[in-house]
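Hydrogens, waters and symmetry mates are skipped; everything else that's a heavy atom, side chains included, is used.
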Amino acid sequence: MNWRVSRGMALAILSVALGVGGCGFWIPKTDIPERMGRGPRAEEMFYAKISASSNREPNFDEKRQYKDQMDEKVFKYLREHPEIEQTTRYSEFRFWRQVSEGSTPGEVRALLDEPLEQTTDPALMKMKAKFHWAQISTKAKEAWTYPLGWVLYFDDKGVTDMIRRVDPHFFLTE
């Protein structure tokens with residue numbers, strides 16, 4: 001009877017060890033690009049910038065000031081470009097303050113400011129898209145990189161694809 005308990009205990013320990021060891025196996029070692037149907041929101045970029053510069057969330061006054069500035073930028077852009085009201089992305093731009101497929105470079109800059117990096121180099125764009133490059137390469141002529149792993153691909157008219165490069169540190173099992 002004693003050997004059954006020992007054997008059961010050994011199997012339980014082995015199962016736990018394999019389970020814990022297996023978790024480390026499944027944690028990705030590099031970032032994983034994911035094609036996104038919707039792009040980054042202006043508020044998301046604002047939070048990322050404050051967090052990166054001061055290692056904290058924005059306070060009430062910073063949020064209020066940001067909201068006022070963003071309202072002003074969006075309404076100014078809409079006054080200068082009334083044709084956007086006839087597009088399907090109008091709601092995303094005006095209300096959600098979010099980049100969507102078809103957004104023009106001007107709309108993207110109005111919402112997200114200047115990118116961290118701009119490139120027209122196919123090799124660099126391929127490196128950012130990884131295994132999605134086969135679908136993206138048919139349309140993309142330029143890529144803009146933003147905080148939080150966002151990469152926006154443009155053709156001559158606007159955004160054609162959006163990639164979010166997920167940081168492997170988000171997958172830690174601690």
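Arg41 contributes a side-chain N or O that, together with a main-chain N or O of Trp96, makes up a donor-acceptor pair within less than 3.5 Å. Side chain of Ser53 to main chain of Ile50: a donor-acceptor pair is present (N/O by atom type, distance under 3.5 Å, no hydrogens or angles). Listed for the Gln118 side chain is no donor-acceptor partner under 3.5 Å among the backbone atoms of Trp144. Without hydrogens or angle criteria, Tyr153 side chain to Lys139 main chain gives no donor-acceptor distance under 3.5 Å. The closest donor-acceptor contact from the side chain of Ser51 to the backbone of Tyr47 lies at 3.5 Å or more, if one exists at all.
Taking the six-membered ring for Trp and thresholds of 30 and 60 degrees, Phe95 and Tyr90 have ring planes more than 60 degrees apart, a perpendicular arrangement.
Counting only heavy atoms from C-beta outward, the side chains of Met36 and Ile163 never approach each other to under 4.5 Å. The shortest distance between side-chain heavy atoms of Arg94 and Phe75 falls below 4.5 Å. At a threshold of 4.5 Å between non-hydrogen side-chain atoms, the residues Glu107 and His81 do not count as touching. Put simply, the side chain of Met70 does not reach to within 4.5 Å of the side chain of Lys67, judged on heavy atoms. Inter-residue side-chain proximity for Asp68 and Glu72 is flagged as unmet; no heavy-atom pair is nearer than 4.5 Å. Inter-residue side-chain proximity for Thr88 and Ser100 is flagged as unmet; no heavy-atom pair is nearer than 4.5 Å. In this structure the side chain of Ser103 reaches within 4.5 angstrom of the side chain of Arg89, judged on heavy atoms. Side-chain contact check for Pro105 versus Phe154: some heavy-atom pair is nearer than 4.5 Å.
In plain terms, the two heavy atoms of Pro58 and Lys63 that are nearest each other are O-CE, 3.3 Å.
Residues Leu152 and Trp133 fall into different hydrophobic clusters, defined by Ile, Leu, Val, Met, Phe, Trp and Tyr side chains chained together at heavy-atom separations under 4.5 Å. Linking ILVMFWY residues whenever their side-chain heavy atoms come closer than 4.5 Å, directly or via other members, places Phe46 and Val99 in the same cluster. One hydrophobic cluster holds both Leu112 and Val159 under the rule that ILVMFWY side chains link at heavy-atom gaps under 4.5 Å. If you chain together hydrophobic residues whose side chains sit under 4.5 Å apart, Met125 and Tyr146 never meet in one group. Both Met162 and Met45 are part of a single hydrophobic cluster, where members link through side-chain heavy atoms under 4.5 Å apart.
The residue from Arg38, Lys49, Arg164 that alone fulfils the salt bridge (Lys or Arg N to Asp or Glu O under 4.0 Å) condition with Glu44 is Arg164. When each of Asp161, Asp121, Asp156 is paired with Lys141, the salt bridge (Lys or Arg N to Asp or Glu O under 4.0 Å) condition holds for Asp156 and for no other.
Counted within 6.0 Å of CG on Asn55, heavy atoms from surrounding residues, nucleotides or ligands total 12 or fewer; the atom is thus considered open. Counting non-hydrogen atoms of neighbouring residues, nucleotides and ligands closer than 6.0 angstrom, the CZ atom of Phe60 reaches no more than 12 such neighbours. Under a cut-off of 6.0 angstrom, the local environment of CD in Glu83 is crowded, with over 12 non-hydrogen atoms contributed by other residues, nucleotides or ligands.
With sequence neighbours excluded, the residues forming a salt bridge (Lys or Arg N to Asp or Glu O under 4.0 Å) with Glu62 are Arg56, listed by chain and number. Remark: Phe93 pairs with Tyr77 by the ring-ring contact (aromatic ring centres under 6.0 Å, His included) rule, at least two apart or across chains.
Distance check, rounded to the nearest 0.5 Å: NZ of Lys73 to CG of Asp71 gives 11.5 Å. Taken from CG in Leu78 to NZ in Lys76, the straight-line distance is 12.0 Å, to the nearest 0.5 Å. Once rounded to the nearest 0.5 Å, the distance linking OG1 of Thr104 with NZ of Lys157 reads 13.0 Å.
A salt bridge links Glu117 with Lys128: the distance from a Lys NZ or Arg NE/NH1/NH2 to an Asp or Glu carboxylate oxygen falls below 4.0 Å.
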